[in-house]
Amino acid sequence: MSKTILVISTSPRAGGNSDRMADEWIRGAREAGNIVEKVALREHTVGFCRGCLTCQRTRRCIVGDDGNDIVGRMLGADILVFATPIYYYGMCGQMKTMLDRSNPLYSDDYRFREVYLLAAAAEEAESTVDGAVTGLQGWISCFDGVRLAGTVFAGGVTQPGEIEGHPALKEAYEMGASVR
């Protein structure tokens with residue numbers, strides 16, 4: 001049975017390295033028969049969470065921007081995939097802002113049970129992605145029955161396009177293709 005998957009590309013650069021990883025993950029998941037939608041945050045307006053917690057009562061953020069629509073898409077997905085560049089050994093600010101804005105999901109009947117992380121960085125050390133994994137795991141831990149199902153890291157890539165030929169592209173494709 002096919003899964004409904006939402007891939008959220010958080011890179012501010014179209015065609016950036018983490019964005020390319022997302023595209024390969026999507027290609028694999030679609031070839032496996034899944035229904036996949038990609039949201040590129042750079043094409044949307046998503047403001048900061050105000051910490052008012054109104055969303056816990058209303059299941060909707062009071063900030064009137066694209067964040068509410070994206071959270072609605074997250075709610076209905078079986079699987080979430082986040083693609084991020086690594087900035088200062090952590091996820092990019094756009095990803096963190098989106099995670100914060102997804103607070104209305106806590107009190108709702110979310111479907112997702114698996115979350116994947118795709119990350120690219122200039123630094124090559126495998127530990128470079130640890131901060132992003134820790135941050136995402138902290139978010140995941142707030143949701144009952146949800147787990148980090150996989151991570152792909154591409155180190156040593158800075159400029160858009162440098163990821164071409166990197167083993168992480170194949171790994172992202174294969175990870176997406178394994179989802180059934």
Side-chain angles (χ1 to χ4, degrees), residues 1-11 18-41 44 46 49 53-61 63 66-86 90-120 126 129-154 168-180:
M1 174 150 62
S2 67
K3 304 276 186 176
T4 301
I5 302 169
L6 180 64
V7 176
I8 301 175
S9 176
T10 67
S11 176
S18 64
D19 199 42
R20 273 289 293 126
M21 290 174 69
D23 291 341
E24 283 302 296
W25 201 100
I26 290 167
R27 187 171 69 87
R30 283 186 176 148
E31 288 179 10
N34 296 294
I35 300 162
V36 186
E37 177 186 9
K38 180 180 176 185
V39 171
L41 289 186
H44 298 275
V46 180
C49 173
L53 299 180
T54 299
C55 62
Q56 294 300 287
R57 265 191 349 273
T58 65
R59 293 188 176 153
R60 186 163 175 83
C61 182
V63 178
D66 298 332
N68 284 312
D69 177 58
I70 296 168
V71 168
R73 293 176 191 187
M74 292 170 74
L75 178 68
D78 295 314
I79 295 172
L80 299 176
V81 180
F82 291 95
T84 184
I86 299 297
M91 68 183 76
C92 70
Q94 291 84 341
M95 180 170 162
K96 178 64 168 103
T97 297
M98 190 67 242
L99 293 178
D100 290 348
R101 284 293 301 284
S102 66
N103 203 40
L105 293 171
Y106 296 139
S107 59
D108 216 329
D109 189 22
Y110 52 88
R111 282 185 17 200
F112 57 90
R113 295 293 179 255
E114 295 179 347
V115 177
Y116 291 85
L117 176 65
L118 309 172
E126 285 296 318
V129 74
D130 292 353
V133 170
T134 299
L136 182 57
Q137 188 60 61
W139 180 81
I140 290 169
S141 295
C142 296
F143 294 95
D144 291 332
V146 179
R147 68 183 182 91
L148 181 60
T151 300
V152 178
F153 172 65
L169 285 180
K170 182 178 182 204
E171 190 178 344
Y173 168 82
E174 289 172 353
M175 186 177 284
S178 73
V179 173
R180 302 191 189 276

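Values in this document were obtained by computation on a predicted structure and should not be read as measured data.
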Backbone of Lys3 reached by a side-chain donor or acceptor of Asp78 within 3.5 Å: no

Is a donor on one side and an acceptor on the other found under 3.5 Å between the side chain of Arg59 and the backbone of Leu105? no

Before giving the answer on side chain to side chain contact (heavy atoms under 4.5 Å, CB included), spell out for Leu41 and Ile70 the whole-Å C-alpha distance, their side-chain angles and the decisive distance to 0.1 Å. CA-CA 9 Å; Leu41 289 186; Ile70 296 168; 3.6 Å; yes

With a 6.0 Å cut-off on ring centres, are Tyr116 and Phe82 close enough? no

What I'd like to find out is whether the side chain of Arg73 reaches to under 4.5 Å of the side chain of Ile8, using heavy atoms alone. no

Could you check whether any side-chain heavy atom of Val39 comes within less than 4.5 Å of a side-chain heavy atom of Asp69, counting everything from C-beta outward? no

Which pair of non-hydrogen atoms, one from Ala154 and one from Ala168, has the smallest distance, and what is that distance? CB-CB, 3.5 Å

Donor-acceptor pair, side chain of Thr10 and main chain of Ala83, under 3.5 angstrom: yes

CA sep, side-chain torsions, deciding dist, call: Tyr173, Trp25, side chain to side chain contact (heavy atoms under 4.5 Å, CB included): CA-CA 4 Å; Tyr173 168 82; Trp25 201 100; over 6 Å; no

Is it true that a side-chain atom of Gln56 and a backbone atom of Asn103 form a donor plus acceptor pair closer than 3.5 Å? yes

Just how far is it from atom CG of Leu6 to atom NZ of Lys38, taken to the nearest 0.5 Å? 11.5 Å

For the CE atom of Met98 and the SG atom of Cys49, what is their distance to the nearest 0.5 Å? 10.5 Å

Can you tell me how far the CZ atom of Arg113 sits from the CZ atom of Arg147, to the nearest 0.5 Å? 12.0 Å

For Arg180 against Ala177, the heavy-atom pair lying closest together: NH2-O, 3.4 Å

Which heavy-atom pair separates Val71 from Ser102 by the least distance, and what is that distance? CG2-CA, 3.7 Å

Looking at Asn34 and Ser2, would you say the former's side chain and the latter's main chain have a donor-acceptor pair under 3.5 Å? no

Say you draw a straight line from CE of Met91 to OG1 of Thr97; how long is it, rounded to the nearest 0.5 Å? 10.5 Å

Could you go through the salt bridge (charged side-chain N to carboxylate O under 4.0 Å, His left out) check for Lys96 and Asp100 one step at a time? CA-CA 6 Å; Lys96 178 64 168 103; Asp100 290 348; 2.5 Å; yes

Quick check: closest heavy atoms across Leu118 and Ala22, and the distance to 0.1 Å? CD1-CA, 3.7 Å

If every non-hydrogen atom of Phe153 is compared with every non-hydrogen atom of Ala120, which pair is closest and at what distance? CE1-C, 4.5 Å

Please give me the minimum heavy-atom distance between Pro104 and Cys61, naming the atom from each residue. CG-N, 4.0 Å

Do Val115 and Val81 have side chains that approach each other closer than 4.5 Å (heavy atoms only, starting at C-beta)? no

Spacing of CG belonging to Asp130 relative to CD belonging to Gln137, to within rounding of 0.5 Å: 12.5 Å

Please walk me through it: do Val129 and Glu126 pass side chain to side chain contact (heavy atoms under 4.5 Å, CB included)? CA-CA 7 Å; Val129 74; Glu126 285 296 318; 5.7 Å; no

Phe112 vs Phe143 aromatic rings, parallel, tilted or perpendicular, using cut-offs 30° and 60°? perpendicular

Could you walk me through whether Leu169 and Arg20 pass the side chain to side chain contact (heavy atoms under 4.5 Å, CB included) check? CA-CA 8 Å; Leu169 285 180; Arg20 273 289 293 126; 3.7 Å; yes

Output the distance between atom CZ (Arg101) and atom CE (Met74), rounded to the nearest 0.5 Å. 11.0 Å

Donor-acceptor under 3.5 Å (Asp66 side chain, Val46 main chain): no

In the structure I gave you, are the side-chain heavy atoms of Thr84 and Leu117 within less than 4.5 Å of one another anywhere? yes

Check: Asp19/Ser9 side-chain N/O donor and acceptor closer than 3.5 Å: yes

